[in-house]
**Q** 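I have a structure I would like to understand better, so I am pasting it below and will then ask my questions one at a time.
Numbering of ligands and ligand atoms starts at 1, following listing order.
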Amino acid sequence: MTSDLPNLPDMRIPAHVAVIMDGNGRWAKQRLRPRAFGHQAGVKSARRIVRAAHNSGVKMLTLFAFSQENWQRPPIEVSLLMGLFVRTLRRELGSLHRSAVRIRFIGDHGDFPNDLTALMQDAESLTRDNAGLQLIIAVGYGGHWDIAQAASSLCRDGLPITPQAIEARLAVADLPHPDLLIRTGGEKRLSNFLLWQLAYTELHLVDTLWPDFDEAAFAAALSWYASRDRRYGRVPEAS
Ligand code: FPP
């Protein structure tokens, strides 16, 4: 991957960035095009941001590609999105692997088409030992689902439900929580994304629609993050 980012000053880079990629439909509507056109542009934007994250030293990038609530969209849009995920994964897997990206999927994949789940498993096993950017793609994901599945697994094992025990059984239990959440598309909500893990994450909410979110916008988000004072409920050092 080549560097196509504006020069980043020597600044604090978030280890883990999570993104709610919102606004594909509105972007298409502004152009009098079908929603599918917006989702295709959304894939290009996701590709750009994966590369920008890799090039700027971010270690983990979690993208919210399909929520549990997205199942309620018209069946034609759901099947279009599933097809787009399959084609994108087939097309990008080789290049991501060559760039040492490790790919993981989180969510409830029970109702996913077989070709997609097979591809997701292939992508995970092919890239399992890669030491570069960790790319976590949340599909069929919901924060409530994640916390409930962690609690159920503790109940099954007859273990007490404590914050530490839940933490250890979340969908990506081995990764630190996101430092920075970027949400595009102007909404000011979490939409059931990583509810547990976002407790102390810095929230960067921008009006830019996802297909317009480019390397400069990503660099601006990193720069905003570098200016934040993260106190985790404590008082500032000097006080
Ligand atoms: C939000 O736009 C996007 C989605 C619901 C998911 C689709 C995401 C992509 C196609 C990006 C590609 C990602 C990967 C990892 C391949 P929206 O439909 O909610 O837009 P709207 O709010 O303007 O209607």
**Q** Ligand 1 versus Leu81, non-hydrogen atoms closer than 4.0 Å: side chain, backbone, both, neither?
**A** side chain
**Q** Taking distance alone, with no angle check, do Trp27 and ligand 1 share an N/O pair under 3.5 Å?
**A**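 So ligand 1 has no N or O lying under 3.5 Å from an N or O of Trp27.
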**Q** What's the shortest distance from atom 9 (C) of ligand 1 to any protein heavy atom, and which residue and atom give it?
**A**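 I find the closest protein heavy atom is Asn24 ND2, 3.7 Å.
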**Q** May I ask whether Arg35 has any heavy atom positioned less than 4.0 angstrom from an atom of ligand 1?
**A** yes
**Q** Between Arg230 and Asp179, is there a side-chain N and carboxylate O pair less than 4.0 Å apart?
**A**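 Looking at Asp179 together with Arg230, the answer is yes, because their closest N to O distance falls below 4.0 Å.
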**Q** Please answer whether the main-chain N or O of Gly142 pairs with a side-chain N or O of Asn192 as donor and acceptor at a distance below 3.5 Å.
**A**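 Such a contact is absent between Asn192 side chain and Gly142 backbone.
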**Q** What do we get for Arg73 next to ligand 1 when only non-hydrogen atoms under 4.0 Å count, side chain, backbone, both or neither?
**A** side chain
**Q** Based purely on interatomic distance, does Trp210 place a nitrogen or oxygen under 3.5 Å from a nitrogen or oxygen of ligand 1?
**A**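 No; the residue has no nitrogen or oxygen that sits under 3.5 Å from a nitrogen or oxygen of the ligand.
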**Q** Return yes if some donor-acceptor pair links the side-chain N/O of Arg48 with the main-chain N/O of Pro211 below 3.5 Å, else return no.
**A**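 Flag set: sc Arg48 to bb Pro211 pair under 3.5 Å.
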**Q** Looking only at N/O atoms, are Thr88 and ligand 1 under 3.5 Å apart anywhere?
**A**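 Between Thr88 and ligand 1 (N or O atoms, distance only) the closest approach is not under 3.5 Å.
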**Q** Tell me which one of Asp122, Leu119, Leu96, Leu84 satisfies side-chain contact (heavy atoms from CB on, under 4.5 Å) with Leu89.
**A** Leu119
**Q** Output the list of atoms in ligand 1 that are nearer than 4.0 Å to some heavy atom of Arg26, sorted by atom number.
**A**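 Heavy-atom distances to Arg26 below 4.0 Å select 21 (P), 22 (O), 23 (O).
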**Q** Taking a cutoff of less than 4.0 Å between a non-hydrogen atom of the residue and any ligand atom, is Gly185 in contact with ligand 1?
**A** no
**Q** With a 4.0 Å cut-off, would you call Asp157 and Arg169 a salt bridge?
**A** yes
**Q** What about Phe213 and Trp27, are their ring centers closer than 6.0 Å?
**A**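 Phe213 vs Trp27: aromatic centres not under 6.0 Å.
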**Q** What orientation do Trp71 and Phe66 show, parallel under 30°, tilted 30 to 60°, or perpendicular over 60°?
**A**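 Rings of Trp71 and Phe66: perpendicular, over 60°.
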**Q** Within a radius of less than 6.0 Å around CG of Asp229, do more than 12 heavy atoms belonging to other residues, nucleotides or ligands occur?
**A** yes
**Q** Which residue supplies the protein heavy atom nearest to atom 3 (C) of ligand 1, what is that atom called, and how far is it?
**A**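 For atom 3 (C) of ligand 1, the nearest protein heavy atom is Met21 O, 3.2 Å.
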**Q** So if I count the atoms of ligand 1 from 1 in the order they appear, which ones are less than 4.0 Å from some heavy atom of Asn70?
**A**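 The list of qualifying atoms is 5 (C).
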**Q** Can you tell me the protein heavy atom closest to atom 22 (O) of ligand 1 and the distance?
**A** Asp22 OD1, 2.8 Å
**Q** How far is atom 10 (C) of ligand 1 from the closest protein heavy atom, and which atom is that?
**A**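 Minimum-distance protein heavy atom for atom 10 (C) of ligand 1 reads His39 O, 3.5 Å.
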**Q** Just going by heavy-atom distances, which of Ala28, Gly42, Ala65 is nearest to atom 7 (C) of ligand 1?
**A** Ala65
**Q** Do any nitrogen or oxygen atoms of Gly25 come within less than 3.5 Å of a nitrogen or oxygen of ligand 1?
**A** yes
**Q** Does the pair Arg12 and Ser227 meet the rule for a side chain to side chain donor-acceptor pair (under 3.5 Å), with working shown?
**A** CA-CA 9 Å; Arg12 188 163 48 108; Ser227 73; over 6 Å; no
**Q** Parallel under 30°, tilted from 30 to 60°, perpendicular over 60°: which one fits the rings of Phe193 and Phe64?
**A**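 The arrangement is parallel - the two ring planes meet at less than 30°.
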